[in-house]
Participant: 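Let me give you the structure first, and then I'll get to my questions.
Each chain gets a letter, A, B and so on, in the order its sequence line appears, and its residues count up from 1.
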Amino acid sequence: MLNCGQVLRELESYLDDSLAADVRKDLQAHLGGCHHCEVVLDSARHTLRIVAGCKTFELPESLSDRIMASVRAQKTS
Amino acid sequence: MNLMTTTVNPIQQGQDADAAVVARVQAGETEAFADLVKRHEKRVYRTLMGITGVREDAEDATQSAFLKAYLHLGDFHGASRFSTWLLRIAINEGLERLRRRKQTISIDDDQDDKDEQHFRPREFRDWRDNPEEKYTKTELRELVESEVMKLPVKYRVVVMLRDLEEQSTEETATALDLEISTVKTRLLRGRLMLREALAPFFLRDNEKEHVHA
Ligand SMILES: [Zn+2]
């Protein structure tokens with residue numbers, strides 16, 4: 001039987017669906033009796049989807065032009 | 001007991017999608033470098049946002065990193081992927097800027113990673129079923145950006161590479177010159193911190209009432 005700390009350490013595998021079958025079974029058994037872990041795993045999945053889904057830190061449009069301008073300046077100097 | 005298994009894929013010859021373009025630039029075709037810029041500028045910029053936390057610095061450092069990569073392209077012999085090599089240059093550039101700002105940074109210090117293994121979530125209220133439906137895309141983006149930027153730098157960088165740029169754990173470890181186990185620990189901590197920070201915005205309505213009940 002997993003304890004809450006061990007469940008947390010499986011979070012990465014849980015999120016990318018790479019849990020080994022026996023661990024998945026143990027984890028499900030734990031979640032059946034532990035609402036806290038259920039909430040954490042469920043909301044961590046939501047968190048990841050939200051973070052990946054919104055286009056954060058978009059690149060300034062002119063940046064590639066500025067980079068190439070500095071590269072060309074090096075070449076000719 | 002470590003229940004996680006890790007597969008590391010060694011870089012094999014011919015596996016680097018950038019190799020052909022790199023060879024053209026190395027042969028003197030400067031304009032081909034623009035392809036490399038287009039392919040990688042987003043990742044480089046986000047990584048530098050993660051490290052510096054300041055938009056102007058990240059832009060400036062991105063420009064410097066690409067320029068350095070161009071100038072040193074003759075030293076690149078394909079021992080790693082071009083993208084990994086470039087990201088190393090970018091990270092060094094970012095760290096150098098932090099040092100100049102006299103900011104103490106600790107992306108390669110793991111002295112407190114032991115404590116982090118005992119990090120415990122504190123927020124256990126239920127989230128809505130479709131949490132993002134409550135907000136516009138712009139609101140969500142601003143919220144995520146602001147909460148990601150509040151993470152301490154060593155977690156922020158790992159979360160940005162892994163969850164925003166969708167690099168593998170192995171690639172993230174290589175880029176940051178960290179042990180895979182360290183990346184995993186920090187990723188877990190960073191994700192849990194981000195989850196706690198975002199939770200108040202995505203709780204079920206009845207859960208919010210509980211607070212005052
Ligand atoms: Zn539990």
Participant: With salt bridge (Lys or Arg N to Asp or Glu O under 4.0 Å) as the test, would you mind laying out the steps for B:R141 and A:E58 before giving the verdict?
Facilitator: CA-CA 10 Å; B:R141 198 189 64 234; A:E58 282 292 303; over 6 Å; no
Participant: Identify the heavy atoms of A:F57 and B:Y45 that sit nearest to each other, and give their distance.
Facilitator: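 Closest pair (atom of A:F57, atom of B:Y45, distance): O-CE2, 3.6 Å.
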Participant: Got a second to check how far B:K184's NZ is from A:R9's CZ, nearest 0.5 Å?
Facilitator: 13.0 Å
Participant: Sort by residue number and list every member of residues 31-39 of chain B having a non-hydrogen atom under 4.5 Å from chain A.
Facilitator: B:E31, B:F33, B:A34, B:V37
Participant: Between B:L143 and chain A, which part of the residue has a heavy atom less than 4.5 Å away: side chain, backbone, both or neither?
Facilitator: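 Contact with chain A: none, neither part.
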Participant: In Å, rounded to the nearest 0.5 Å, how long is the span from CG of B:L194 to CG of A:L48?
Facilitator: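 Nearest 0.5 Å value for the CG-CG distance: 8.5 Å.
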Participant: How close do A:H46 and B:D129 get, counting heavy atoms only, and between which atoms?
Facilitator: CE1-O, 3.3 Å
Participant: Before you tell me yes or no, could you show the steps for B:E59 and A:R66 under side-chain contact (heavy atoms from CB on, under 4.5 Å), namely the whole-Å CA-CA distance, both residues' side-chain angles and the distance that decides it to 0.1 Å?
Facilitator: CA-CA 10 Å; B:E59 284 183 34; A:R66 274 186 278 154; 3.0 Å; yes
Participant: Could you state the interatomic distance from CD1 (A:I50) to CH2 (B:W127), rounded to the nearest 0.5 Å?
Facilitator: 5.0 Å
Participant: Name the option with the most non-hydrogen atom pairs under 4.5 Å to chain B; the candidates are A:I67, A:V51, A:T56.
Facilitator: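 That would be A:T56.
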Participant: For A:D65, which residues count as a side chain to side chain contact (heavy atoms under 4.5 Å, CB included) partner, sequence neighbours excluded?
Facilitator: none
Participant: Would you sort out whether A:L59 and B:T62 count as a side-chain contact (heavy atoms from CB on, under 4.5 Å), showing the intermediate values?
Facilitator: CA-CA 10 Å; A:L59 206 64; B:T62 301; 5.6 Å; no
Participant: Chain A heavy atoms under 4.5 Å from B:T169: which part of the residue, side chain, backbone, both or neither?
Facilitator: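 The side chain, not the backbone.
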Participant: Using non-hydrogen atoms only, which part of B:L187 is less than 4.5 Å away from chain A: side chain, backbone, both, or neither?
Facilitator: side chain
Participant: With B:F76, which residues qualify under ring-ring contact (aromatic ring centres under 6.0 Å, His included), at least two apart?
Facilitator: B:F82, B:W85
Participant: Sort out for me which of B:V159, B:T30, B:L140 touches chain A most, counting heavy-atom pairs under 4.5 Å.
Facilitator: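 The residue among B:V159, B:T30, B:L140 with the greatest pair count is B:T30.
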Participant: So if I take each residue of residues 33-42 of chain A and look for any heavy atom under 4.5 Å from a heavy atom in chain B, which residues do I end up with?
Facilitator: A:H35, A:H36, A:V39, A:V40
Participant: With side chain to side chain contact (heavy atoms under 4.5 Å, CB included) as the test, pick out the partner of A:V71 among B:L71, B:L67, B:V25.
Facilitator: B:L67
Participant: If you compare all heavy atoms of B:R162 against all heavy atoms of A:D16, which two are closest, and at what distance to 0.1 Å?
Facilitator: NH2-OD2, 4.0 Å
Participant: At a heavy-atom separation under 4.5 Å, does A:L19 approach chain B through its side chain, its backbone, both, or neither?
Facilitator: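 Contact with chain B involves no heavy atom of A:L19 at all.
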Participant: How close do A:C54 and B:V144 get, heavy atom to heavy atom, and via which atoms?
Facilitator: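 A:C54 and B:V144 have their closest heavy atoms at SG-CG2, 3.7 Å.
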Participant: Evaluate side-chain contact (heavy atoms from CB on, under 4.5 Å) for B:F66 paired with A:M68, printing each intermediate quantity in order.
Facilitator: CA-CA 9 Å; B:F66 273 105; A:M68 282 312 289; over 6 Å; no
Participant: I would like to know whether A:R72 and B:Y70 meet side-chain contact (heavy atoms from CB on, under 4.5 Å); could you show each step before the answer?
Facilitator: CA-CA 10 Å; A:R72 287 182 199 110; B:Y70 174 75; over 6 Å; no
Participant: So which of B:E123, B:E196, B:R128, B:R195 actually passes side chain to side chain donor-acceptor pair (under 3.5 Å) with A:S43?
Facilitator: B:R195
Participant: Sort out for me which of B:K42, B:R46, B:M49 touches chain A most, counting heavy-atom pairs under 4.5 Å.
Facilitator: B:R46
Participant: Indicate yes or no: does B:R191 engage A:E12 in a salt bridge with an N to O separation below 4.0 Å.
Facilitator: no
Participant: Closest approach of A:T47 and B:L198, non-hydrogen atoms and distance?
Facilitator: CG2-CD1, 3.9 Å
Participant: Tell me, side chain or backbone of B:V148 under 4.5 Å from chain A's heavy atoms, or both, or neither?
Facilitator: side chain
